[in-house]
Amino acid sequence: MTLSKNILITGGSGYVGSRLCERLLNNQNLNIVNYDISLFGDEHLPKNKRYIYVKDDLRNTIKLNDIIKNHEIDTVIHLACISNDPTFELKSDISKQINYDCFEDLVSISKKNNVRKFVYASTCSVYGITDTPNVTEEHELLPMTDYNKYKAECEPILIKYLDDKFTGIIIRPATVCGYSEKMRFDVTVNILTNFAYNKGFIKVLGGEQTRPNIHIEDMCDLYENLIEMSFENHNGSIYNAGIENLKIIEIAKIIKNIFQKRLNRNIDINIEPSNDKRSYNINSDKIQKELGFKFKRSVEVAVNDLLDNFLNGNLVDTFNSKWRNIEVLKEKQNELKLY
Ligand SMILES: NC(=O)c1ccc[n+]([C@@H]2O[C@H](COP(=O)([O-])OP(=O)(O)OC[C@H]3O[C@@H](n4cnc5c(N)ncnc54)[C@H](O)[C@@H]3O)[C@@H](O)[C@H]2O)c1
């Protein structure tokens, strides 16, 4: 039985949201509202009678209230945000408004308008640098940047509002990889594959930092499962979501092998020093045990998917700054205003 019908995706024009909306539209029982200011473009959005695109700002609480009320939204998947460290820092006062200050409004408006399930996409970078080999959800949060700090500080706000009728789950995703209708070429696996395909070499900064990964289709599987299930027995639970904890150099070697095998092309790996010390290994046993979630796809699959899309011409001009959030926001920074 589908427990949800009318779904609000905030950030549905972004990297994860675009893929997710396409996937959800395959389910004939669902109506999707994408609420997004579309900082990174909206030419790619689907056209479908069960899909409504509301181009507006999360901080516009009057509009948000109208949309949730008028579309009788029962499930919110909250993805919208200024979604990495450098983009957050660019205009940190505005970023804080978007990622943190208006979060409580979104939650309270949802609750007031009878939303039954709320999913918050936090991030597993809330753990910061740690030597713990297997970081579970109980691990202390040591956010190293304001982006991470405010992502973490939203979590208890949601939990405070939850009850029997308004239920919620928090996901801490690993770094997402693979093909989306709205690509990001500023996340590790995608960056390195882009270099390999278009430049014939991979630049690795540091290389010894370990980071967890999740294939974008697994990420979407997870949100889809959450849409279909009741949160009754998991209300307020927090779950890591990522499987392969890989050193950047290991990712580079995976890509090198795939290019060798499929294209018979040698890819050089050039290692350069880096100040980015973020390194962590996450453990995602809890989500597999409690929710029965199965990770199905590896980083290798993501690289192969990306390569397919390079080869079939879906991915062109991929060093254009429009694929990197920081570059787009630098160009648009005067358009983004404080509310
Ligand atoms: N991509 C990853 O590797 C990753 C990893 C961990 C967590 N996450 C989380 O998952 C979510 C989705 O990530 P993504 O990679 O798709 O991000 P993205 O940057 O591609 O998309 C974010 C979307 O939010 C929208 N947005 C920003 N400010 C807004 C505002 N004021 N009003 C309305 N919309 C606004 C943007 O226009 C964009 O379409 C984010 O919350 C992110 O923190 C992502």
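Numbering of ligands and ligand atoms starts at 1, following listing order. No experiment lies behind these values; they were computed from the predicted model shown.
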Subject >> contact_flag Lys151 ligand 1 heavy-atom lt 4.0 Å >> reply: yes
**OP:** Identify the protein heavy atom lying closest to atom 28 (N) of ligand 1, giving its residue, its atom name and the separation to 0.1 Å.
**Re:** Ile98 CG2, 3.6 Å
Original post:
Would you call the rings of Phe195 and Phe201 parallel, tilted or perpendicular if under 30° counts as parallel and over 60° as perpendicular?
Top reply: perpendicular
Original post:
So which protein heavy atom does atom 12 (C) of ligand 1 come closest to, and at what separation?
Top reply: Leu79 O, 3.7 Å
Original post:
Which protein non-hydrogen atom lies closest to atom 19 (O) of ligand 1, naming both residue and atom, and how far is it?
Top reply: Ser83 OG, 2.5 Å
**OP:** Ignoring hydrogens, just give me the one of Ser122, Cys124, Ser38, Cys81 whose non-hydrogen atom is nearest atom 9 (C) of ligand 1.
**Re:** Ser122
Subject >> Shortest protein contact, atom 6 (C) of ligand 1 (heavy atom only) >> reply: Pro173 O, 3.4 Å
**OP:** Cation-pi check, Arg116 to Phe231: give yes when NZ or CZ is under 6.0 Å from the six-membered ring centre and within 45° of the ring axis, no otherwise.
**Re:** no
**OP:** Measure up the Tyr100 and Tyr150 rings against each other and bin them: parallel (under 30°), tilted (30 to 60°), perpendicular (over 60°).
**Re:** tilted
**OP:** Please determine if Lys199 forms a cation-pi arrangement with Phe319, meaning its NZ or CZ atom is less than 6.0 Å from the six-membered ring centre and no more than 45° off the ring axis.
**Re:** yes
Subject >> Side-chain donor-acceptor pair present, Asn70, Asp66, cut-off under 3.5 Å >> reply: no
Subject >> 4.0 Å heavy-atom contact, Ile214 with ligand 1 >> reply: no
Original post:
Which option out of Asn99, Asp42, Leu58, Leu336 puts a heavy atom nearest to atom 32 (N) of ligand 1?
Top reply: Leu58
Subject >> Which residue and heavy atom of the protein sit nearest atom 39 (O) of ligand 1, plus the separation >> reply: Asp36 OD2, 2.7 Å
